[in-house]
Protein chains: 2
Amino acid sequence: MTTIQDVAMRAGCAISTVSRVLNGSPHTTEATRVRVMAAVDELGYRVNTIGRSLKTQKTGAFGVLIPSITNPVFASSLGGIEEAARTAGYDIIVTTSNYDPGRDGEAVEALLARGVEGVLLTVTDPATGRVADRLAARHVPHVLLYNQPIDPAVAAVTVDNRRATADLTGEVIARGHTDIGYVSGVFGSSDRARIRYAGYCDRMREAGLKPQAAVEVPFVGQDRDFVAAVARFLNAPTRPTALLCSNDLLAIRIMAAARTLGLRVPEDLSVAGFDGIDIGRMVEPSLATILQPAADMGRQAVQFLFALMRGEREPATLIMPHTFRPGRSLAAARGGTIAGALRAAPAPALNRKTIP
Amino acid sequence: MTTIQDVAMRAGCAISTVSRVLNGSPHTTEATRVRVMAAVDELGYRVNTIGRSLKTQKTGAFGVLIPSITNPVFASSLGGIEEAARTAGYDIIVTTSNYDPGRDGEAVEALLARGVEGVLLTVTDPATGRVADRLAARHVPHVLLYNQPIDPAVAAVTVDNRRATADLTGEVIARGHTDIGYVSGVFGSSDRARIRYAGYCDRMREAGLKPQAAVEVPFVGQDRDFVAAVARFLNAPTRPTALLCSNDLLAIRIMAAARTLGLRVPEDLSVAGFDGIDIGRMVEPSLATILQPAADMGRQAVQFLFALMRGEREPATLIMPHTFRPGRSLAAARGGTIAGALRAAPAPALNRKTIP
DNA sequence: CTGTTAGCGCCTTCAG
DNA sequence: CTGAAGGCGCTAACAG
């Protein structure tokens with residue numbers, strides 16, 4: 001490894017001079033600058049970031065904590081984050097919690113020990129986890145992403161999940177549906193799921209309709225178990241004509257499960273999601289959903305974090321715009337009655353072969 | 001910030017003693033151990049990784065370079081990598097090249113400057129990029145992921161892309177297709193695409209069929225442009241009855257485009273992909289593809305990297321098993337002639353509205 | 001404008 | 001078994 005010392009010797013000057021040249025200090029002669037750069041080239045020298053960090057207390061890196069990398073919505077935001085970070089010359093250290101509240105805490109500790117200058121996080125639940133508090137206690141700038149902070153003093157970039165789901169519910173109602181169900185991931189592992197459900201309830205009541213109890217399905221797990229779980233309520237006599245899902249991945253899985261159960265989407269069941277992942281536009285039928293600007297939210301969160309680090313901004317909640325993206329999965333209600341839908345679907349016969 | 005010094009004072013001992021306790025050195029009394037740990041707890045002390053790194057020359061982090069985070073196949077492998085790294089107490093620094101060969105080099109430099117102990121990379125093209133050489137020159141352990149190394153002395157974890165595509169082509173041929181096309185991303189930005197195409201050619205020739213020229217479509221870009229590009233060859237009188245795509249994402253986009261053009265999959269056109277991303281099982285029709293164990297490949301690459309770092313293994317190419325995953329997108333050829341397929345699809349009429 | 005010097009937080013011989 | 005001291009690579013006063 002070649003150090004700044006080697007460069008200094010080669011260039012015939014002091015290490016401080018080399019340091020100045022490298023950091024573009026104004027007080028330096030063109031001649032020495034050239035000499036130093038030449039030495040740098042010849043020796044193939046590259047600053048040792050870690051030596052620098054020890055001195056400056058800056059690591060040029062920040063941490064990112066998300067529930068999962070394989071959910072496209074987080075992958076998208078991570079893509080935006082990575083791009084914005086790289087552009088600013090920052091590195092990112094990526095960790096996942098896999099929706100495990102306990103791991104949120106561990107992950108943040110690890111990030112802190114590594115000396116990240118800031119943290120971007122999507123926690124399992126800001127209400128119970130309180131990881132943001134630990135960050136605040138140690139004066140490490142941080143921005144919540146997707147989460148809706150409990151404490152307004154913590155910075156966040158999100159969409160108005162409640163309003164967005166209310167809007168989406170409105171779209172479903174506008175298509176003549178009155179019997180609208182709600183399926184979500186486990187509430188305990190996602191504040192978004194809870195908030196979105198509240199938005200659904202808002203709009204249902206507003207329209208004089210009765211919000212139905214949310215069906216929580218374990219999101220991760222084997223395909224077979226999932227289909228079985230879904231079958232349990234899709235085959236019930238109370239099956240709704242339209243189903244809102246707390247996120248797109250869930251919606252897409254539900255559509256696949258429905259197909260397995262012999263139900264046609266949207267003829268027998270309309271489905272809508274939330275997130276606006278790309279894949280939703282390519283599936284058949286295309287998925288109606290709420291589009292949140294994931295990549296852009298990631299970029300914005302990075303900018304916000306930098307502003308926080310520079311002390312240029314105070315924590316605040318930044319609400320990004322959401323839009324309704326129509327899709328063939330959401331159609332007008334036919335007849336609009338449960339009876340009609342049930343008649344159309346030969347449910348019982350097909351179920352037996354999929355439910356153990 | 002509380003340092004090891006503070007702990008030493010609080011515990012009434014020397015810094016070195018604290019260090020020994022923290023690092024589990026055997027030469028230490030139970031009594032002092034307890035005293036030190038108490039001090040650590042009371043002060044909420046956490047080792048400063050960067051101070052330690054400077055001394056030990058170990059950062060406890062390795063770098064990951066992939067083309068894109070938003071392609072599910074890379075997201076999956078990244079998920080596996082992250083998990084394996086975390087389990088081993090390592091952090092990962094993630095960078096992307098966005099399929100830009102120039103950025104491969106930059107990214108590796110940045111990783112090196114940060115002092116990563118190793119690097120996992122999927123480069124744009126190992127033939128032209130030669131980034132692995134730079135890593136080797138600086139004695140930084142590294143493992144190629146997905147890439148097929150030119151130089152057998154560089155470690156790699158991949159599947160046998162050529163053989164796998166040959167297998168897939170065999171499945172298509174077995175279903176009665178003889179007119180089989182190949183679509184891929186730009187060859188210049190993916191060695192996999194080239195190698196897979198070669199596998200297709202192998203099997204076609206073996207079956208006495210004429211391999212068709214690969215159609216390279218720019219993978220990134222607007223939806224409209226993509227459909228237009230695809231329309232150009234899907235509407236040609238020479239349209240094949242089956243289409244092999246160099247990866248799943250491309251295949252799924254092609255299926256969506258085909259639908260837009262009024263073609264039915266698989267009735268008018270069979271489609272197969274490569275990668276085995278989850279979404280492929282949920283789309284309608286489900287996508288026939290080659291499944292490569294992405295997450296597991298990521299994990300294996302991490303293990304390989306660790307072995308390399310410990311000097312326990314020599315570089316080698318680790319070939320992971322691939323499997324054919326059937327899907328409804330690939331059906332038996334009907335009649336098996338171009339004419340039949342053309343008759344079935346009302347192509348010309350529908351095209352005009354999608355091609356500018 | 002440039003060189004000297006003192007650490008940043010930690011680990012690790014080397015004495016005691 | 002424990003303490004003292006040097007130094008990892010670098011930056012930032014402070015002199016010159």
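Everything numeric in this text was worked out from a predicted model, so none of it was measured. Just so we're on the same page: letters track the sequence lines, and every chain starts at 1.
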Presence of A:T32 side-chain N/O under 4.0 Å of C:dT2 phosphate oxygens OP1/OP2: yes
Note, B:R138 side chain near A:R46 side chain (heavy atom, < 4.5 Å): yes
Interatomic spacing from CG in B:L22 to CD1 in B:I15 - rounded to 0.5 Å: 12.0 Å
Donor-acceptor under 3.5 Å (A:T3 side chain, A:Q5 main chain): yes
Carboxylate-amine/guanidinium contact B:E83 B:R86, below 4.0 Å: no
Nucleotide D:dT11, atom C1' - distance to NZ of A:K58 in whole Å: 13 Å
Residue-phosphate contact under 4.0 Å: A:S16 side-chain N/O, C:dT5 OP1/OP2: no
Sugar-phosphate, base or nothing in reach of B:T56, heavy atoms under 4.0 Å: sugar-phosphate
Separation of D:dC10 C1' from A:D6 CG (nearest whole Å): 13 Å
Inter-residue atom distance A:D151.CG - A:L144.CG, 0.5 Å rounding: 10.0 Å
d(CG, A:L22; P, C:dT2) in whole Å: 14 Å
B:K55 or B:R35, whichever maps to the more 5' nucleotide of DNA chain D: B:R35
Residues from residues 37-48 of chain A lying under 4.0 Å of DNA chain D - heavy atoms: A:Y45, A:V47, A:N48
Residue pairs passing the salt bridge (Lys or Arg N to Asp or Glu O under 4.0 Å) test where at least one lies in residues 112-123 of chain B, sequence neighbours excluded: A:D91-B:R114
A:T124/A:D104 under side-chain hydrogen bond (donor to acceptor under 3.5 Å, both in side chains): CA gap, chis, key distance, verdict: CA-CA 7 Å; A:T124 300; A:D104 281 340; 3.0 Å; yes
Mutual orientation of the aromatic rings belonging to A:Y90 and A:F62 [parallel < 30°, tilted 30-60°, perpendicular > 60°]: tilted
Between C1' of D:dA13 and CG of A:N23, the distance in whole Å: 15 Å
Phosphate-side-chain proximity, B:Q57 and D:dG9, N/O vs OP1/OP2 below 4.0 Å: yes
Gap between atoms CD1 and P, on A:I4 and D:dG9 respectively (whole Å): 11 Å
DNA chain C: 5'-proximal contact among B:R20 and B:T49 (nearest heavy atom): B:T49
Distance, rounded to the nearest Å, where A:I50 contributes CD1 and D:dG7 contributes P: 18 Å
Distance below 4.0 Å between A:Q5 side-chain N/O and D:dC8 OP1 or OP2: no
N/O donor-acceptor pair under 3.5 Å between A:T122 side chain and A:L145 backbone: yes
Phosphate-side-chain proximity, B:R52 and C:dG9, N/O vs OP1/OP2 below 4.0 Å: no
Nearest-0.5 Å distance, CD1 of residue A:I69 to CG of residue B:L78: 4.0 Å
Presence of B:T17 side-chain N/O under 4.0 Å of D:dG3 phosphate oxygens OP1/OP2: yes
Phosphate contact (C:dC1 OP1 or OP2) by A:T29 side-chain N/O below 4.0 Å: no
Atom-pair distance (CD1 on B:I15; C1' on C:dG9), nearest Å: 9 Å
Bending between helix ends of the helix from C:dC1-D:dG16 to C:dG16-D:dC1 [5 pairs per end, 10° resolution]: 40°
